[in-house]
Protein chains: 2
Amino acid sequence: MTKVNQSRDSGTTQRSLTKQRLVETARELFYQNGYEATGIKQILAKAGVNSGSLYYFFPTKEDLLLAVLERYKELLWPMVLDPVFDRTGDPIEQVFGVLEGYRKMLLATYCRQGCPIGNLALEMSEKSDAVRKAVAENFEGWRVAIRQCLMDAGDRLPADVDRDRLATLILTTMEGGVMQARAHRNLEPYEASVAMLRDYVDRLLLHKSGGVSECAG
Amino acid sequence: MTKVNQSRDSGTTQRSLTKQRLVETARELFYQNGYEATGIKQILAKAGVNSGSLYYFFPTKEDLLLAVLERYKELLWPMVLDPVFDRTGDPIEQVFGVLEGYRKMLLATYCRQGCPIGNLALEMSEKSDAVRKAVAENFEGWRVAIRQCLMDAGDRLPADVDRDRLATLILTTMEGGVMQARAHRNLEPYEASVAMLRDYVDRLLLHKSGGVSECAG
DNA sequence: GTCTATAACTTGATAGAC
DNA sequence: GTCTATCAAGTTATAGAC
C-alpha cells in the first residue's frame, strides 16, 4: 500500500509532513538544549519518527541543523518583524518594537531562552563552516531589516550617522543584552542595554542637523 | 615511594601541578570546542593525565568546568585589565583599551575565538545553575571594573548618565560584537559596534553639563 | 596521588525488509 | 518513505592495585 506521498519541494517549502515535523522538533530541541547536547534519539522520540525516516531526509545531524537554520530565515518576517511592523509605521519605533519583542520572550521564559541564532553562532562557528554561514545569513537578514528602518527614518537621523553600522550596534545590543540577562537570569542587563541604546538614538534624533560640535559647550 | 606531594590549597591557589594542568587544559579545550563537545578523554590526553587522577580532583566534568570558571575570575586582572590599565590612566581610554584588547584577540585568531565566558553563558545557562552563576560572576567582575572607569571619569560624563547601565552596555557591545564577528568571520561587526559605542560616549563627553535639551535645535 | 582496565551507557549512523 | 534491529565508536565515570 504505497501511500501517494507528497514529495515535490517547491523552493524551500517542505511538502513532506514528516520532514516538516523533524525540522520543527529539531528546531525546538536545538534551541532549548543546544546542538551538541541534543541527541538524534531525543529528536526522533519527540517527533514520533523513526531513525530510518530521518536519515532518508537528512544524511547527517548537521544537515538537519542546516534545515533548521533555513527555517529560521523563513520565520524572520512572520515571527519577528511583521507583528511589530503591523502595529507601528514609525521606523524608529519599529526598531525598538523588535527589541521589545525579545524582552517579552525573556520575560515569558524567566530569562531562560533568548535568541536561537546567537546560541548557534557561539556554539557552532568553529565547528562547521556551512553552519557558520547559515548563522551569518540569519544575522544579516535581521540586520538588513533594521537598517531599512534606519534608512526610512530619513533626515530624522543626522546625515553623517552610518545607518549600516548603527544597525549592527542594534543587533549587537540585542544579542549582548540577551546573553547577560540569561546568565544573570534577570531582565535588568537587557533592559539597561536597550535603555542606553535608546538614549543614544534619542540624542541622535535631537541633534540631527549636523555634527556634535555645533553645540558643544 | 609515596611522593610528598604538595597538597594544601590556600584559597584558590592550586598547589597540585596535576590539578593545575588539568584546569588549564580544560580551559583551553572548553574554549576552543565548547563544553559538551569536549571529551574527558581529550582533556586527559592533552594534559598527559590519567582518568584516575582527574576524578581524584574533580568528581564530575561539571566540577572541572566550575574550576575553569574560577580560574577565569583570577585571570581577569592579569590578563584583561592590567595590560590596558598599565598603559593609560585615562579612564575612558581604559574602557576602549579593553575593547581594543578583544579586537586584537579576534584579529589574531582570524575571528575564530572570542570571549570564553560568552560562549559558556549561552551554552550552559540552562543546564547547570552552578555554572550559570559562575558565568554571571565573571560578567559581574568585568562590568564592575568598567563601571569603576566610568565613575573615575567623574564629571566628564553628564551627571544624569547611569554609570551602572552604561557599563552594562559596554559589556553588551563587546559580547554582541564578538558574536557577529565570529559568525561572519570578519572584524567589521565588532569594529562597527565599538565605533558606534564610541560615538555615543563622545557625544556624552561633549554634552556633559546637562540634558540633551539644552542645545536642541 | 597515580595507574590500568573497564563498566554502563549513549552516540550518530546503517542495513535491509516492507 | 517508513520500519526494526543493530553496529561501531564514543561517552562519563568507577574499581582496585600500587
Side-chain angles (χ1 to χ4, degrees), chain A residues 1-10 13-27 29-30 32-68 120 123-124 127-128 130-131, chain B residues 1-10 13-26 29-30 32-68 123-124 127-128 130-131:
Chain A
M1 237 178 269
T2 324
K3 255 185 283 181
V4 181
N5 248 328
Q6 328 85 323
S7 51
R8 261 174 326 168
D9 283 16
S10 53
T13 312
Q14 311 300 355
R15 279 309 196 325
S16 157
L17 284 179
T18 302
K19 194 171 179 179
Q20 245 178 288
R21 204 138 30 87
L22 243 12
V23 172
E24 181 56 23
T25 307
R27 189 167 73 85
L29 290 174
F30 289 161
Q32 286 162 20
N33 315 321
Y35 174 77
E36 293 282 353
T38 300
I40 296 270
K41 284 229 165 106
Q42 204 181 343
I43 297 168
L44 260 20
K46 185 166 181 189
V49 169
N50 296 99
S51 154
S53 297
L54 189 157
Y55 284 100
Y56 171 78
F57 293 111
F58 305 103
T60 70
K61 188 184 177 186
E62 186 181 316
D63 288 304
L64 178 54
L65 174 57
L66 290 171
V68 165
L120 291 168
E123 184 181 0
M124 300 298 295
K127 285 171 203 160
S128 155
V131 171
Chain B
M1 240 178 268
T2 324
K3 257 186 283 180
V4 181
N5 248 328
Q6 328 85 321
S7 50
R8 259 175 327 167
D9 284 17
S10 54
T13 311
Q14 312 298 356
R15 280 309 196 326
S16 157
L17 284 179
T18 302
K19 193 172 180 178
Q20 247 179 287
R21 205 138 29 88
L22 244 12
V23 172
E24 181 55 23
T25 307
L29 290 174
F30 289 161
Q32 285 162 20
N33 314 322
Y35 174 77
E36 294 282 354
T38 301
I40 296 270
K41 283 225 167 116
Q42 203 181 344
I43 298 168
L44 261 18
K46 185 165 183 189
V49 170
N50 296 101
S51 152
S53 297
L54 189 156
Y55 285 100
Y56 172 78
F57 293 111
F58 305 103
T60 69
K61 189 184 177 185
E62 184 181 318
D63 289 304
L64 178 55
L65 174 58
L66 290 171
V68 165
E123 183 181 1
M124 300 299 294
K127 285 172 201 159
S128 155
V131 172

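It should be emphasised that the depicted structure is a prediction, and the values quoted were computed from it without experimental measurement. All values below come from the heavy atoms of this structure, side chains included, with hydrogens, waters and symmetry mates left out. Naming: A, B, ... by sequence-line order, numbering from 1 per chain.
- At distances below 3.5 Å, not a single donor-acceptor pair connects side-chain atoms of B:Ser53 with backbone N or O atoms of B:Val49.
- Within the structure, the salt bridge (charged side-chain N to carboxylate O under 4.0 Å, His left out) test picks out no pair touching residues 49-60 of chain A (sequence neighbours left out).
- The closest side-chain heavy-atom distance from B:Phe30 to B:Glu123 is not below 4.5 Å.
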Ignoring hydrogens and angles, write down the donor-acceptor pairs under 3.5 Å from the side chains of residues 32-48 of chain A, residues two or more places apart or on other chains.
from: A:Tyr35; atom 1: OH; to: A:Glu62; atom 2: N; distance (Å): 3.1
from: A:Thr38; atom 1: OG1; to: A:Leu29; atom 2: O; distance (Å): 3.2
from: A:Thr38; atom 1: OG1; to: A:Gly34; atom 2: O; distance (Å): 2.6
from: A:Gln42; atom 1: OE1; to: A:Gly39; atom 2: N; distance (Å): 3.3
from: A:Lys46; atom 1: NZ; to: A:Glu28; atom 2: OE1; distance (Å): 2.9

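- The salt bridge (charged side-chain N to carboxylate O under 4.0 Å, His left out) search around A:Arg27 returns A:Glu24, not counting sequence neighbours.
- For the atom pair OG (A:Ser16) and OH (A:Tyr56), the distance works out to 8.5 Å, reported to the nearest 0.5 Å.
- When rounded to the nearest whole Å, the span between CD of B:Glu36 and P of C:dT10 equals 15 Å.
- Distance B:Gln20 CD to C:dG1 P: 12 Å, rounded to the nearest Å.
- Closest approach of B:Val68 to B:Ala26, counting heavy atoms only: CG2-CB, 3.9 Å.
- Contact annotation: A:Tyr56 does not reach the phosphate of D:dT2 (side-chain N/O to OP1 or OP2, under 4.0 Å).
- Set against C:dT2, C:dA13, D:dT12, the side chain of A:Thr60 has C:dA13 as its closest nucleotide.
- Distances were taken from every side-chain heavy atom of B:Phe57 (C-beta onward) to each of D:dT12, C:dT2, C:dA13; the shortest belongs to C:dT2.
- Scored by the side chain to side chain donor-acceptor pair (under 3.5 Å) test, A:Asp63 finds A:Thr60 as partners (sequence neighbours excluded).
- Between the NZ atom of A:Lys19 and the P atom of D:dT2 there is a distance of 11 Å, given to the nearest Å.
- Near DNA chain C, meaning a heavy atom under 4.0 Å from it, residues 39-52 of chain B has B:Asn50, B:Ser51, B:Gly52 in order of number.
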Open item on the list: For Watson-Crick and G-U wobble pairs within 3.5 Å on both distances, what is DNA chain D written in dot-bracket notation, | included for inter-strand pairing?
Closed with: ||||||||||||||||||
- [ ] Apply the test side chain to side chain contact (heavy atoms under 4.5 Å, CB included) to residues B:Phe58 and B:Val23: give CA-CA distance (whole Å), side-chain angles for both, the deciding distance (0.1 Å), then the verdict.
- [x] CA-CA 10 Å; B:Phe58 305 103; B:Val23 172; 3.7 Å; yes
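- Residue A:Leu17 contributes atom CG, which lies 14 Å from atom C1' of D:dT2 at whole-angstrom precision.
- Nearest-nucleotide mapping onto DNA chain C: of A:Pro59 and A:Ala37, the residue sitting toward the 5' end is A:Ala37.
- Note: CG (A:Leu54) to P (D:dT4) measures 15 Å, nearest angstrom.
- Spacing between atom CZ of B:Phe58 and atom P of C:dG1 amounts to 12 Å, rounded to whole angstrom units.
- Between A:Tyr55 atom OH and C:dG16 atom P the separation is 18 Å, expressed in whole Å.
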